[in-house]
There are 2 protein chains.
Amino acid sequence: MSKNQKKISEKTIERLSAYRRYLKDLLKKGKDRVYSHELSQIVSGTAAQVRRDLMEVGCNGCSSKGYEISLLIEEISKLLDCSDKQNIALIGVGNLGRALLGYFSGSRDNFDIVAAFDSDPGKSGRIICGRRCYDMEQLPAMLGELKINTAILAVPAESAEKVAQTLIESGIKAILNFAPRHITTGSGVFIETLDMTSALEKAIYFSRKNTQQRKST
Amino acid sequence: MSKNQKKISEKTIERLSAYRRYLKDLLKKGKDRVYSHELSQIVSGTAAQVRRDLMEVGCNGCSSKGYEISLLIEEISKLLDCSDKQNIALIGVGNLGRALLGYFSGSRDNFDIVAAFDSDPGKSGRIICGRRCYDMEQLPAMLGELKINTAILAVPAESAEKVAQTLIESGIKAILNFAPRHITTGSGVFIETLDMTSALEKAIYFSRKNTQQRKST
DNA sequence: CTAAAGTTGTGAAATATTGCACAGCGTGAT
DNA sequence: ATCACGCTGTGCAATATTTCACAACTTTAG
């Protein structure tokens with residue numbers, strides 16, 4: 001219905017997610033309005049950038065009173081979230097996978113990891129961190145059954161590409177990849193790789209070039 | 001000694017780290033040369049970008065034979081690594097922290113997590129995933145003693161800022177932050193935040209805008 | 001020896017992203 | 001009622017990053 005503005009940049013989407021989380025915190029603390037310069041600190045940007053980001057969600061600011069927090073949360077959520085809670089799959093229940101299960105288990109109201117998959121038959125059928133673990137063979141079927149279109153990939157590097165291929169063929173729409181391997185996809189599947197090793201090596205590198213000051217994701 | 005080229009972008013540093021990892025794999029498989037277009041696939045960029053990145057390390061390519069892998073690894077390492085292996089500290093030995101200990105424990109020859117810290121006294125003194133766990137009180141002293149200047153922060157959001165402050169005051173030079181909180185620092189401390197929740201929400205968002213195809217870190 | 005094919009290094013264009021700066025407006029003080 | 005102040009929305013400039021495109025060079029084939 002709403003005339004869809006062309007394209008919101010990935011960076012902006014990330015920041016909106018961070019703003020929302022912070023806004024929820026503020027709301028819990030009893031605040032009801034924020035200024036762009038307050039929000040700018042949590043992403044180390046400028047106030048102008050925040051205002052620009054917020055314009056994307058259909059701006060609600062009010063001169064000299066700032067933004068109304070609850071309204072802002074609502075608008076950001078309208079943009080970021082689907083109408084219904086998203087079901088997520090976790091692939092790979094090793095150390096990292098289990099940690100992620102724990103990490104993402106808090107009270108999220110827009111998504112939920114509903115199933116875990118692992119190639120180790122010993123894990124199949126068990127409940128791990130509150131989620132049922134299935135065998136990899138069941139993946140294609142379960143993705144459809146549970147209406148999952150986003151997956152978290154936490155398998156070893158060696159199997160990342162093969163598993164990703166399976167996911168894509170099973171109709172997944174987005175993958176958050178923790179394996180230190182690039183995933184190629186001709187199709188329209190969105191892949192976000194969090195390369196922890198590169199991130200650490202980058203930190204190590206810049207620990208010696210202590211010039212700049214830096215930001216986030 | 002070498003006239004230091006002004007500034008290498010963070011993006012480039014990340015990609016160099018990824019190239020190197022891939023190059024090591026190739027070397028193990030017996031290959032001894034690569035072309036820029038082969039490397040470009042592992043970061044989903046263009047060949048030109050790879051060549052540009054490699055120029056930063058002092059380019060060694062050879063027309064129509066590509067780059068010699070072992071030489072490239074050596075040059076990238078010369079740029080990325082310090083002369084000596086870097087000691088890293090992990091702060092926060094919860095689920096995520098332990099997973100990170102495991103994740104980073106493989107055979108790394110340029111860095112090593114040598115100590116873990118946690119505010120829970122019950123963990124202090126124990127060996128977790130092969131690393132000794134210290135109490136937070138010991139942090140300032142141990143950082144100096146072990147010559148640690150990079151830390152991985154895996155504490156809950158609530159304590160992230162306070163702990164980061166302690167780290168900075170103790171002279172840390174870079175922080176890889178997993179807590180969903182922005183860390184502010186006036187000083188020249190490098191902070192890299194890996195916001196897993198934002199990353200997942202971004203993936204969820206783009207799972208519905210299945211237009212583009214995307215890359216990495 | 002010559003030509004064809006394929007690759008590197010890189011200037012220059014194209015994009016993407018960020019920051020500046022100011023008009024316009026609401027608020028509170030006088 | 002008026003004015004000073006502070007904040008938003010945004011055009012525009014400044015950066016940062018990526019891609020294009022092509023000259024120069026190597027190898028291989030004929």
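Every chain is numbered from 1, with letters handed out A, B, ... down the list of sequences. Reckoned from all heavy atoms, side chains included, excluding hydrogens, waters and symmetry mates.
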Protein-nucleic acid N or O pairs under 3.5 Å, nucleotides 11-17 of chain C:
unit_1	atom_1	unit_2	atom_2	d
C:dG11	N7	B:R52	NH2	3.2
C:dG11	O6	B:R52	NH2	2.4
C:dA12	N6	B:R52	NH2	3.0

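For the pair A:E56 CD and D:dT10 C1', the computed distance is 12 Å after rounding to whole Å. To the nearest angstrom, P of C:dT7 lies 18 Å from CG of B:N60.
Under the salt bridge (Lys or Arg N to Asp or Glu O under 4.0 Å) criterion, no residue pair touches residues 41-51 of chain B, with sequence neighbours excluded. Sequence neighbours left out, the pairs with a member in residues 64-78 of chain B that pass salt bridge (Lys or Arg N to Asp or Glu O under 4.0 Å) are B:E75-B:K78.
Rounding to the nearest 0.5 Å places OH of A:Y205 at 10.5 Å from SG of B:C82. Atom CD1 of A:I113 is separated from atom OG1 of A:T150 by 11.0 Å, given to the nearest 0.5 angstrom. In this structure, the separation between CE on B:M55 and CG on B:N60 is 11.5 Å, given to the nearest 0.5 Å. In this structure, B:L16 CG and A:E201 CD are separated by 10.0 Å, a value rounded to the nearest 0.5 Å.
B:K85 NZ: more than 12 foreign heavy atoms inside a 6.0 Å radius.
Looking at residues 21-38 of chain B, you'll see that no heavy atom sits under 4.0 Å from any atom of DNA chain D. Residues of residues 63-76 of chain B having a heavy atom closer than 4.0 Å to DNA chain D, listed by number: B:S63, B:S64, B:K65.
Between B:R51 and C:dT8 there is a side-chain N or O to OP1 or OP2 distance below 4.0 Å.
Under the 4.0 Å criterion applied to side-chain N and carboxylate O atoms, B:R20 and B:D81 are assigned as salt-bridge partners.
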Acceptor/donor pairs from residues 90-99 of chain A side chains to any protein atom, 3.5 angstrom cut, sequence neighbours excluded:
unit_1	atom_1	unit_2	atom_2	d
A:N95	OD1	A:R98	NH2	3.4
A:R98	NH1	A:V93	O	3.2

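Side-chain contact check for A:T193 and A:H182: no donor-acceptor pair (N or O, by modelled atom type) lies under 3.5 Å.
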